[in-house]
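Report on the following structure.
Just the heavy atoms: all of them, side chains too, but no hydrogens, waters or symmetry mates, feed the values below. The model shown is predicted, which means the values in this text are computed figures rather than measured ones.
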There are 2 protein chains.
Amino acid sequence: MMELTRKGEYAIRGIIYLARLKPGSVALISEIAESTGVPQTFLAKILQSFAKIGLVNSFRGTGGGFVLGRPPAKITLLEVVEAVEGPIMPNRCMMDESGCEFSRTCLVHPVWREVQSKVVQILGSVTIEELSKGE
Amino acid sequence: MMELTRKGEYAIRGIIYLARLKPGSVALISEIAESTGVPQTFLAKILQSFAKIGLVNSFRGTGGGFVLGRPPAKITLLEVVEAVEGPIMPNRCMMDESGCEFSRTCLVHPVWREVQSKVVQILGSVTIEELSKGE
DNA sequence: CTATAAAAGACAAAATCGGTCTTAAAGGGC
DNA sequence: GCCCTTTAAGACCGATTTTGTCTTTTATAG
Ligand code: SF4
Ligand code: SF4
């Protein structure tokens, strides 16, 4: 249960790589992929989707590449994870009320809500900047 | 991310149903399945696997059926979930050290460990007895 | 105009999910 | 010993998701 997919893992590695870039420089997808050990075309897809939501900026052509869309201190791990995996949802019954006929009386439901909020809290309190500090 | 499978959800429903049984009585798989809204043959598989690990006891033939293997106060939600879904593992790098070449220096790793321990703590502190109290 | 690099989208193998179906085995009542 | 009931075991299966690849297009710098 609760396993991050490779896509999620790769996304985090890519974002952290970009956070470590020295200011003003851009990174080629080939460079990021090799350095993080991620299949290049797969990572490209992920970063493209990030570009669409503004999490990263991208430039085409000679001298192009990727940079973060915001300072790493303003990006949380939660944001990155949810951008690729969707919202943190320990159980289906959390998204829509009508998901489960028992949801009104169910005592398990609140437990899943607690799990959800704890995970959101943990991941939301970690910034990409912190994660990029190590060597 | 982090979604309980139907199998996990069904397992919980089945166990709670058994916990509500009045002492001394057994439940037919057909009865449990209908009452919890779970496909019967699928639930049978789940409970069979539970019988193997002693979480429930089963009896064949006339008058047979399922009962809990232990008092519901001694069964945690964590146990039930892990029995069907495997251990709580937010990321692959948690199971074996050799899972990731970066694990020694990685700053994300500890975050996943925190998530893991929090979830284990929450699910481990809820007993099936508590969950079966409602109507 | 050309070389470069990301964007877009079709394709697909493999794994996992969410079951079903059939046959066997065990136990109770007669 | 013979049914009837009920779980056990295992083969099987379609749908979906994961984890990518490949090809073509578009934008840009020089
Ligand atoms: S039974 Fe409870 S926990 Fe399960 S899906 Fe319904 S509301 Fe959620
Ligand atoms: S990079 Fe860090 S979080 Fe990702 S798999 Fe490796 S150790 Fe785990």
Side-chain angles (χ1 to χ4, degrees), chain A residues 1-14 17-18 21 25-34 36-69 81 83-87 89 91-92 100, chain B residues 1-14 17-18 21 25-34 36-69 81 84-87 89 91-92:
Chain A
M1 184 206 178
M2 312 219 350
E3 204 148 327
L4 192 70
T5 63
R6 298 201 188 268
K7 193 165 148 192
E9 166 67 21
Y10 294 162
I12 297 168
R13 290 192 203 177
Y17 183 92
L18 292 180
L21 236 45
S25 61
V26 305
L28 296 184
I29 186 69
S30 56
E31 165 196 343
I32 311 173
E34 187 180 15
T36 57
V38 173
Q40 178 172 333
T41 57
F42 198 14
L43 183 60
K45 287 293 174 207
I46 296 168
L47 290 189
Q48 277 163 27
S49 77
F50 282 177
K52 236 175 279 186
I53 60 176
L55 207 50
V56 307
N57 288 331
S58 62
F59 309 95
R60 304 204 252 201
T62 313
F66 291 90
V67 286
L68 283 188
V81 169
V84 286
E85 311 260 3
M89 285 279 174
N91 202 347
R92 288 166 164 78
C100 175
Chain B
M1 183 205 180
M2 311 218 351
E3 204 147 327
L4 191 71
T5 63
R6 300 204 186 264
K7 196 165 146 191
E9 166 67 22
Y10 294 163
I12 297 168
R13 289 192 203 177
Y17 184 93
L18 291 180
L21 235 46
S25 59
V26 305
L28 297 183
I29 187 71
S30 56
E31 164 197 343
I32 310 174
E34 187 181 14
T36 56
V38 174
Q40 178 171 332
T41 56
F42 198 16
L43 183 60
K45 287 292 173 207
I46 297 168
L47 291 187
Q48 278 163 27
S49 77
F50 282 178
K52 237 175 276 185
I53 60 175
L55 207 52
V56 306
N57 289 332
S58 63
F59 308 96
R60 301 204 254 199
T62 313
F66 292 89
V67 285
L68 283 188
V81 169
V84 287
E85 309 260 5
M89 285 281 174
N91 201 348
R92 287 166 164 82

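- In this structure a side-chain-to-backbone donor-acceptor pair under 3.5 Å is present from Glu85(B) to Thr5(B).
- Atom-to-atom, CZ of Arg13(B) to P of dG18(C) comes out at 12 Å; the value is rounded to the nearest Å.
- Whole-Å rounding puts the Phe50(A) CZ to dA7(C) P distance at 13 Å.
- Of the candidates dA9(D), dT19(D), dT20(C), dA9(D) carries the atom nearest the Lys52(B) side chain, counting heavy atoms from C-beta on.
- dT19(D) atom C1' lies 14 Å from atom CD of Glu9(A), rounded to whole Å.
- Close to dA8(D), at under 4.0 Å from its OP1 or OP2, lies a side-chain N or O of Ser58(B).
- Considering only the side chain of Arg60(B), dA8(D) comes nearest among dA8(D), dA11(D), dT18(D).
- Ranked by how close their nearest DNA chain D nucleotide is to the 5' end, Gly63(B) and Glu85(A) are led by Gly63(B).
- For Ala44(B) and Lys7(A), each mapped to the nucleotide of DNA chain D holding its nearest heavy atom, the one lying further toward the 5' end belongs to Ala44(B).
- For the OP1/OP2 pair of dG19(C) and a distance below 4.0 Å, the side-chain nitrogens and oxygens of Tyr10(B) include at least one atom meeting the criterion.
- Exactly one residue among Leu43(A), Thr36(A), Ile46(A) makes a side chain to side chain contact (heavy atoms under 4.5 Å, CB included) with Arg13(A). That residue is Thr36(A).
- The nearest whole Å value for the distance from the CD1 atom in Ile46(A) to the P atom in dT21(D) is 11 Å.
- Regarding Gln40(B), its CD atom lies at a distance of 11 Å from the P atom of dT6(D), rounded to whole Å.
- Here Thr41(A) lies in heavy-atom contact (under 4.0 Å) with a base.
- In this structure, Leu47(B) reaches neither bases nor backbone, as no heavy-atom distance under 4.0 Å exists between it and the strands shown.
- You'll find that the side chain of Gln48(A) is closest to dA8(C), out of dT21(D), dA5(C), dA8(C).
- Nearest-nucleotide positions on DNA chain C for Phe59(A) and Lys45(A) put Phe59(A) closer to the 5' end.
- The shortest distance between the side-chain N/O atoms of Arg6(A) and the OP1/OP2 oxygens of dA15(C) is not below 4.0 Å.
- Heavy-atom distances to DNA chain C give each of Ala51(A) and Thr62(B) a nearest nucleotide, and the one nearer the 5′ end belongs to Ala51(A).
- Annotation: side chain of Arg6(B) is in contact with side chain of Arg92(A) (closest heavy-atom distance under 4.5 Å).
- Per the geometry, CD belonging to Glu3(A) stands 18 Å off P belonging to dT17(D), to the nearest Å.
- Paired with Tyr10(B) under the rule ring pair (Phe, Tyr, Trp, His ring centres under 6.0 Å), one option of Phe42(B), Tyr17(B), Phe50(B) passes, and it is Phe42(B).
- Between Ile29(A) atom CD1 and dT26(D) atom P there is a gap of 21 Å when expressed in whole angstrom units.
- Closest heavy-atom contact between Ser25(A) and Val67(A): O-CG1, 3.3 Å.
- If you measure from atom CG of Leu43(B) to atom C1' of dT7(D), you get 12 Å, rounded to the nearest angstrom.
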